[in-house]
Amino acid sequence: MSDSSDKSQKPEPQKAGPQESEPQKKRQLRSAQWFGTADKNGFMYRSWMKNQGIPDHEFQGKPIIGICNTWSELTPCNAHFRKLAEHVKKGVLEAGGYPVEFPVFSNGESNLRPTAMFTRNLASMDVEEAIRGNPMDAVVLLVGCDKTTPALLMGAASCDIPTLVVTGGPMLNGKHEGKDIGSGTVVWKLSEEVKAGKISIHDFMAAEAGMSRSAGTCNTMGTASTMACMAESLGVSLPHNAAIPAVDSRRYVLAHLSGNRIVEMVDEDLKLSKILTREAFENAIRTNAAIGGSTNAVIHLKAIAGRIGVDLPLDDWTRVGRGTPTIVDLQPSGRFLMEEFYYAGGLPAVLRRLGEADRLPHKDALTANGRTIWENVQNAPHYNDEVIRPLDNPLREDGGICILRGNLAPNGAVLKPSAASPELMKHRGRAVVFENFDDYKARINDPELEVEANDILVLKHCGPRGYHGMAEVGNMGLPPKILEQGITDMVRISDARMSGTAYGTVVLHVAPEAAAGGPLAAVHNGDWISLDCGSGSLDLEVDDAEIARRLAEVDPMAASNQIASTGGYRQLYIERVLQADEGCDFDFLRGCRGAEVPRHSH
């Protein structure tokens, strides 16, 4: 971080007014209800903590700062978090607090089956109960891999104590054959080239080691980087948190400064509810359009908003986001990677450009450092007009997430314009239907598959219930017979999600999903479907009576080819998960339950 960015991370001391000249009574710490009493309970709480070598004076009125760590060797994006936590601890101690690190469920995207999204809500429950049940006055959330950011923010929002996000940072640029390659994005690209006969399987496998060559999250504008940008634009992290590479020493400086700042937030009683306002969410929606962010942000922001009590209907993405140019030229929508994004000025430079053009909806939104978002970025430097483009030379004129509705998606569906083919944004085609993901895998490479370039690939039963967790399978690879014609994109429609690193004219999150009896379940091979992103419409050209007749003949869950539920978390998930347009949270988790101290354990 430059000197200017360091200065933006802590508010300037305020001159005391007439009412501030008298000493103020110190606020009672939440942790004092564990450690601040001279009785049997206080004895027990302090004594067992002292077996770690903690001296008595650390319990005498210091803010206790929880460091919520998603470190795991099974979550490679977060595998460097032990070192990151140590730098946060140094900052906490320096500021007069006492840090306590604790682990929570780490749902890593790259290894976890059937999908990390299946356990996002589980992780959020872990976080919520860990915060509420333990002696902490504030919490620092160490996040990185895709679902760890929303999961931890959801859990913390349900408690509403002072909270600060520290992201692990993206990997360095991938390298292959002397060129930069992007995490995830190169997988989709090269695997299609193998199917098209353009490269060999050996060429494909040679890129494996070069794609992930340092600690950190995906170096494209995938879901991890998107959610890091969402956290910064929401105001729940310090400036520059989103883009500093994981192995850059400035990442550890930011962690240290975050440790400083969280102690101050306790003194100020700066809780999440004061930052996560409707205005903050609208800033984030606009930011997502400007950066070409992942469609997964639609689901995650809805879930976070639901926890803090902010109504964020799906149509806000149209009202606030549409018409916003995409000015960040990063893969998968553009050319560059997160390293260049940070060196070009990072998210503060983007927010400054939006603000100067009066396109930042709420400049006065409060952020975690005590300043408004505009105070943080109004003097932010930008160094590269190719990576962070001027608004009059955007990557895409309208990069706002396209919300689609119609008889095929009564409750909505989404499409990412910045990663789509402009010529397919308005399209009418014949449906080629796959009943579930197993059906797709069994038939997509069949040379006898009846499919033409203008057709629309339709994948059913991959929503929250139909494919437990709503896996990222919506960016269906094209049939080899189409790829061999030199065609690289087709309209694809499903109730699934797709990786933020993926691209194409892909309609996702169709709601209600097929497994919930949505109209998607009624689509047959040969039906005509019309898509019009300009008007926000997605329609099956079949009359309502015929759709109803078809749905009456379908057993939605049976058609999903899903493993039968036999209890456990899977059963809970199927019965209580909400649909994509509602954020896929559990119905009983919505709302803020606060951090009232529970009764004693003995």
query = Has the side chain of Asp581 got a donor or acceptor atom that lies under 3.5 Å from a matching backbone atom of His509?
reply = no
Kindly list each side-chain donor-acceptor pair under 3.5 angstrom involving residues 228-236, sequence neighbours excluded, with atom names and distances?
residue: Glu232; atom: OE1; partner: His240; partner atom: N; Å: 3.4
residue: Glu232; atom: OE1; partner: Asn241; partner atom: N; Å: 3.2
residue: Glu232; atom: OE1; partner: Ala242; partner atom: N; Å: 2.9
residue: Glu232; atom: OE2; partner: His240; partner atom: N; Å: 3.0
residue: Ser233; atom: OG; partner: Cys229; partner atom: O; Å: 3.0
residue: Ser233; atom: OG; partner: Met230; partner atom: O; Å: 3.1

ask   = Which pair of non-hydrogen atoms, one from Ser191 and one from Phe204, has the smallest distance, and what is that distance?
value = N-CE1, 3.8 Å
note = What one should report as the nearest heavy-atom pair of Val377 and Pro348 is CB-O, 3.7 Å
task = Taking Lys195 for its side chain and Leu478 for its backbone only, find out whether a donor-acceptor pair lies under 3.5 Å.
result = yes
query = Would a 4.5 Å heavy-atom cut-off, applied to side chains only, mark Asn454 and His427 as touching?
reply = yes
note = When every non-hydrogen atom of Ala349 is compared with those of His382, the smallest separation belongs to CB-CB, 3.6 Å
message = Under 3.5 Å, is there a donor on one side chain and an acceptor on the other for Ser72 and Ser106?
response = no
key: Step-by-step salt bridge (charged side-chain N to carboxylate O under 4.0 Å, His left out) determination, Arg335 to Glu340   = CA-CA 10 Å; Arg335 296 173 291 168; Glu340 285 88 4; over 6 Å; no
ask   = Is it the case that Thr115 and Arg497 place a side-chain donor and acceptor less than 3.5 Å from each other?
value = yes
Residues His300 and Arg120: side-chain donor-acceptor under 3.5 angstrom = yes
key: Pairwise distance OG(Ser225) to CD1(Ile291) - rounded to 0.5 angstrom   = 8.5 Å
query = Going from CG on Leu508 to CG on Leu415, what distance comes out if it is rounded to the nearest 0.5 angstrom?
reply = 7.5 Å
query = Tell me the salt bridge (charged side-chain N to carboxylate O under 4.0 Å, His left out) pairs involving residues 143-157, sequence neighbours left out?
reply = Glu109-Lys147, Lys147-Glu472
query = How far does CG of Leu391 sit from CG of Leu354, to the nearest 0.5 angstrom?
reply = 6.0 Å
ask   = Can you list the residues that meet the side-chain hydrogen bond (donor to acceptor under 3.5 Å, both in side chains) rule with Lys175, with sequence neighbours excluded?
value = Asp180
task = Check whether any side-chain N or O of Ser214 sits under 3.5 Å from a backbone N or O of Met171 as a donor-acceptor pair, and report yes or no.
result = no
task = May I have all residue pairs that pass salt bridge (charged side-chain N to carboxylate O under 4.0 Å, His left out) and include part of residues 387-401, sequence neighbours excluded?
result = Arg322-Asp398, Asp329-Arg389
query = More than 12 foreign heavy atoms under 6.0 Å from CD of Glu73: is that the case here?
reply = no
message = Between Glu282 and Arg319 (salt bridge meaning N to carboxylate O under 4.0 Å), is one present in this structure?
response = yes
message = Would you say that more than 12 heavy atoms from the other residues, nucleotides or ligands in this model lie under 6.0 Å from the NZ of Lys363, or not?
response = yes
task = Measure the shortest side-chain to side-chain distance between Pro361 and Asn283 over non-hydrogen atoms and say whether it is less than 4.5 angstrom.
result = yes
message = Under 3.5 Å, is there a donor on one side chain and an acceptor on the other for Thr367 and Asn376?
response = yes
task = Determine the minimum heavy-atom distance between Asn69 and Glu101, stating which atoms define it.
result = ND2-OE2, 2.7 Å
ask   = Does the pair Met338 and Thr220 meet the rule for a side-chain contact (heavy atoms from CB on, under 4.5 Å), with working shown?
value = CA-CA 6 Å; Met338 288 295 290; Thr220 51; over 6 Å; no
task = Measure from the side-chain N and O atoms of Ser183 to the backbone N and O of Asn219, and report whether any donor-acceptor pair falls under 3.5 Å.
result = yes
inquiry  = Run the salt bridge (charged side-chain N to carboxylate O under 4.0 Å, His left out) test on Glu86 and Lys83 for me, step by step, so that the C-alpha distance in whole Å, both residues' side-chain angles and the decisive distance to 0.1 Å come before the verdict.
reply    = CA-CA 5 Å; Glu86 291 304 313; Lys83 184 176 180 181; over 6 Å; no
ask   = Considering only heavy atoms from C-beta outward, does the side chain of Pro170 approach that of Tyr342 to under 4.5 Å?
value = no
ask   = How about His256 and Tyr252: do any of their side-chain heavy atoms sit closer than 4.5 Å?
value = no
request  = Kindly check if the number of other-residue, nucleotide or ligand heavy atoms within 6.0 Å of CD (Glu208) is above 12?
outcome  = no
task = Apply side-chain contact (heavy atoms from CB on, under 4.5 Å) to Glu192 and Thr488, showing your working.
result = CA-CA 8 Å; Glu192 295 288 80; Thr488 58; over 6 Å; no
task = Can you tell me which residue pairs pass the salt bridge (charged side-chain N to carboxylate O under 4.0 Å, His left out) test with a partner in residues 345-354, sequence neighbours excluded?
result = Arg352-Glu356, Arg353-Asp385
task = Return the orientation label for the Tyr440 and Phe434 ring planes: parallel under 30°, perpendicular over 60°, tilted otherwise.
result = perpendicular
key: Full working for side-chain contact (heavy atoms from CB on, under 4.5 Å) between Ser494 and Cys462   = CA-CA 7 Å; Ser494 74; Cys462 291; 5.5 Å; no
ask   = Nearest 0.5 Å, what's the OG1-CG distance between Thr505 and Asn475?
value = 12.0 Å
remark   = In short, Thr326 meets Pro394 closest at the heavy-atom pair O-CB, 3.5 Å
inquiry  = Would the distance check show the side chain of Glu339 and the main-chain N or O of Asn173 forming a donor-acceptor pair, the cut-off being under 3.5 Å?
reply    = yes
message = Quick check against the 3.5 Å criterion: does Thr324 have a side-chain atom that pairs as donor or acceptor with the backbone of Gly399?
response = no
key: Distance, nearest 0.5 Å, that separates CG of Leu153 from OG1 of Thr149   = 7.0 Å
ask   = Would you say the side-chain atoms of Asn78 pair up with the backbone N or O of Phe81, donor to acceptor, closer than 3.5 Å?
value = no
request  = Any chance you could measure Trp71, atom CH2, to Thr148, atom OG1, to the nearest 0.5 Å?
outcome  = 14.5 Å
query = So, do Arg213 and Leu172 sit near enough that their side-chain heavy atoms are less than 4.5 Å apart?
reply = yes
ask   = Is the shortest heavy-atom distance from the side chain of Leu301 to the side chain of Asn288 under 4.5 Å?
value = no
key: Thr226 side-chain N/O to Ser294 backbone N/O, donor-acceptor pair under 3.5 Å   = yes
request  = Check whether any side-chain N or O of Arg492 sits under 3.5 Å from a backbone N or O of Val506 as a donor-acceptor pair, and report yes or no.
outcome  = no
ask   = Regarding Ser200 and Asp203, is there a side-chain donor-to-acceptor distance under 3.5 Å anywhere?
value = yes
query = Is a side-chain N or O of Arg286 found less than 3.5 angstrom from the main chain of Gly400, in a donor-acceptor match?
reply = no
ask   = Any side-chain heavy-atom pair from Leu312 and Ile285 closer than 4.5 angstrom?
value = yes
inquiry  = Any non-hydrogen side-chain atom of Ile304 less than 4.5 Å from a side-chain atom of Phe281?
reply    = yes
task = Kindly give the heavy-atom pair with the smallest separation between Val507 and Ala413, and that separation in Å.
result = CG1-CB, 3.8 Å
task = Identify, with sequence neighbours excluded, every residue that meets side-chain hydrogen bond (donor to acceptor under 3.5 Å, both in side chains) alongside Asp126.
result = none
message = Regarding Glu375 and Asn369, do their side chains bring together a donor and an acceptor under 3.5 Å, going by distance alone?
response = no
